[in-house]
**Student:** 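Here it is, the structure in full.
Just so we're on the same page: letters track the sequence lines, and every chain starts at 1. Keep in mind it's a predicted model, so treat the numbers as computed, not measured.
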Protein chains: 2
Amino acid sequence: MTGKLTAKGRATRGRIVEGAAEVLRERGVTGTTLDDIMARTRTSKSQLFHYFPAGKDELLLAVARFEADQVIEDQQPHLGRLDSWEAWERWRDVVVERYEAQGDHCPLGSLFFQIGRSTPGARAIVIELMRRWQESLAAGIRALQAAGRLPSDIDVDARAAALLAAIQGGVSILLSTGRSAHLRAALDQGIADLRRTGRAGD
Amino acid sequence: MTGKLTAKGRATRGRIVEGAAEVLRERGVTGTTLDDIMARTRTSKSQLFHYFPAGKDELLLAVARFEADQVIEDQQPHLGRLDSWEAWERWRDVVVERYEAQGDHCPLGSLFFQIGRSTPGARAIVIELMRRWQESLAAGIRALQAAGRLPSDIDVDARAAALLAAIQGGVSILLSTGRSAHLRAALDQGIADLRRTGRAGD
DNA sequence: ACTACAGTGGACCGCCCAGTCCATTCTGTG
DNA sequence: CACAGAATGGACTGGGCGGTCCACTGTAGT
């Protein structure tokens with residue numbers, strides 16, 4: 001379907017997705033109409049349906065994919081190099097900073113409430129995002145093990161899963177209440193507990 | 001405003017809120033119309049606007065309040081008596097069970113995406129819910145301290161905040177992916193880390 | 001029983017907005 | 001240059017749904 005796009009077509013499609021992402025961040029899913037997106041991206045209705053034949057849902061799905069990639073990207077290069085305690089601290093700072101800056105809108109979350117979590121396409125995107133995120137955390141823990149900073153008998157996957165959950169929760173609470181205290185606490189305690197595992201399990 | 005309601009009026013209002021909550025859980029916020037709620041609660045449109053003059057948003061807010069109370073209530077009496085490690089385990093089981101049963105819909109979450117997190121009324125509800133929840137967890141930790149099962153120098157609020165975040169995240173991931181592994185990991189690790197604090201800090 | 005007001009029924013309105021359609025203009029390829 | 005198909009513009013439609021209005025009925029208090 002995307003195979004028959006010319007250079008111009010690809011550019012327009014990209015402009016639509018990025019522009020739609022902007023508008024959705026500002027107005028929220030419920031408050032965003034196709035006309036808003038048309039205005040922002042300087043496109044016509046026929047273009048929207050030309051590139052996303054299934055209509056609004058298909059477009060929202062494309063934006064969701066875009067935003068999901070963004071989440072990981074915004075944490076790089078730190079998330080990819082969690083091989084020392086200093087690196088973990090730097091990553092922590094980046095995460096807190098990113099989500100504090102994002103404020104009280106959740107591009108991905110709101111998107112999924114609209115599309116429906118049960119939609120196979122939507123669910124696949126979140127699952128993939130979580131998998132990648134957790135895998136990076138697990139890799140970081142393994143790197144610490146390799147460096148002899150953590151014992152080798154800890155349950156890496158469970159720790160990575162718990163840490164990921166803590167972050168998600170911290171972000172949720174930040175979105176709902178506007179306060180980042182929980183996100184900070186989750187990250188600080190999570191990393192501290194990991195360190196303590198090293199000492200206590202020794 | 002609620003002062004001038006007769007017994008019949010109060011009953012009807014209650015029926016509307018509870019019925020609306022049901023429909024919203026089934027169809028989601030976006031997929032629920034006032035007509036759906038009318039059908040479910042056997043009411044007419046004029047009744048809806050009679051009890052909720054500001055319209056749909058006011059009704060959704062009332063439902064949000066109802067659901068928020070439900071969240072705490074569903075964890076009782078365990079959440080209120082976290083005074084032994086066994087109690088903590090029982091509570092853990094209840095939480096996992098409750099959210100696994102709830103499946104992939106989030107009554108509160110979806111409500112807030114619709115009403116808008118920035119709405120003062122909506123935000124107040126979440127903040128109050130989080131406060132109550134976290135306070136119960138903190139009370140539980142203090143109870144363990146009082147029983148001599150935990151050292152007295154730990155940062156109770158930070159631990160409670162981190163634990164709450166972990167739960168929220170576990171639930172979010174459960175909603176998005178349909179898998180409760182993260183919620184379980186978050187609770188298990190959270191409680192285990194708390195116990196370890198006792199041993200390591202001793 | 002009367003009266004004031006709460007409670008109820010349901011027809012009606014009007015707008016918003018996703019989606020359709022066709023006419024027109026570009027773009028690349030032989 | 002020709003022409004096939006992609007890209008674009010924008011008027012139009014249809015219905016879904018929140019919200020309004022008024023008429024009618026029940027009910028509590030004197």
**Student:** Does the pair B:D193/A:R159 count as a salt bridge with the N-to-O cut at 4.0 Å?
**Tutor:** yes
**Student:** Verify salt bridge (Lys or Arg N to Asp or Glu O under 4.0 Å) between A:E22 and A:R27, making sure each step is shown before the conclusion.
**Tutor:** CA-CA 9 Å; A:E22 278 180 33; A:R27 302 239 227 288; over 6 Å; no
**Student:** Using a 4.0 Å cut-off on heavy atoms, which residues in residues 24-41 of chain B reach DNA chain D? List them by number, or say none.
**Tutor:** B:T32, B:T33, B:L34
**Student:** So does B:A87 get a backbone contact from the side chain of B:S84, meaning a donor-acceptor N/O pair under 3.5 Å?
**Tutor:** yes
**Student:** Identify, with sequence neighbours excluded, every residue that meets side chain to side chain donor-acceptor pair (under 3.5 Å) alongside A:R131.
**Tutor:** A:E128
**Student:** At what distance, to the nearest 0.5 angstrom, does CG of A:D83 lie from CD1 of A:I141?
**Tutor:** 13.5 Å
**Student:** Hey, does the side chain of B:S136 reach the backbone of B:R132 with a donor-acceptor pair shorter than 3.5 angstrom?
**Tutor:** yes
**Student:** Extract all donor-acceptor atom pairs below 3.5 Å that involve side chains of residues 90-97 of chain B and protein atoms in other chains or at least two apart in sequence.
**Tutor:**
{"from": "B:W91", "atom 1": "NE1", "to": "B:Q75", "atom 2": "OE1", "distance (Å)": "2.9"}
{"from": "B:R92", "atom 1": "NH1", "to": "B:D188", "atom 2": "OD1", "distance (Å)": "2.5"}
{"from": "B:R92", "atom 1": "NH1", "to": "B:D188", "atom 2": "OD2", "distance (Å)": "3.2"}

**Student:** Of all heavy-atom pairs between A:L82 and A:A143, which one has the smallest distance, and what is that distance?
**Tutor:** O-CB, 4.0 Å
**Student:** Starting at atom NE2 of B:H50, determine the distance to atom P of C:dG7, rounded to an integer number of angstrom.
**Tutor:** 4 Å
**Student:** Please enumerate all protein N or O atoms sitting under 3.5 Å from an N or O of nucleotides 27-30 of chain C, with distances to 0.1 Å.
**Tutor:**
{"from": "C:dT27", "atom 1": "OP1", "to": "A:K8", "atom 2": "NZ", "distance (Å)": "3.4"}

**Student:** Can you tell me how far apart CZ (B:F52) and CD1 (B:I16) are? Round to the nearest 0.5 Å.
**Tutor:** 5.5 Å
**Student:** Reading DNA chain D 5' to 3', which nucleotide is the first, and which the last, to come under 4.0 Å of any heavy atom in chain B?
**Tutor:** D:dC17 to D:dT27
**Student:** Under 3.5 Å, which N/O atoms of the protein pair with N/O atoms of nucleotides 20-25 of chain C?
**Tutor:**
none

**Student:** Using a 3.5 Å distance criterion without hydrogens, assess whether the side chain of A:Q145 forms a donor-acceptor pair with backbone atoms of A:L150.
**Tutor:** no
**Student:** Distance only, no hydrogens: is a donor on one side chain within 3.5 Å (strictly under) of an acceptor on the other, for B:Q102 and B:R98?
**Tutor:** yes
**Student:** Give me the atom names and distance for the closest heavy-atom approach of A:C106 to A:L175.
**Tutor:** CB-CD1, 3.1 Å
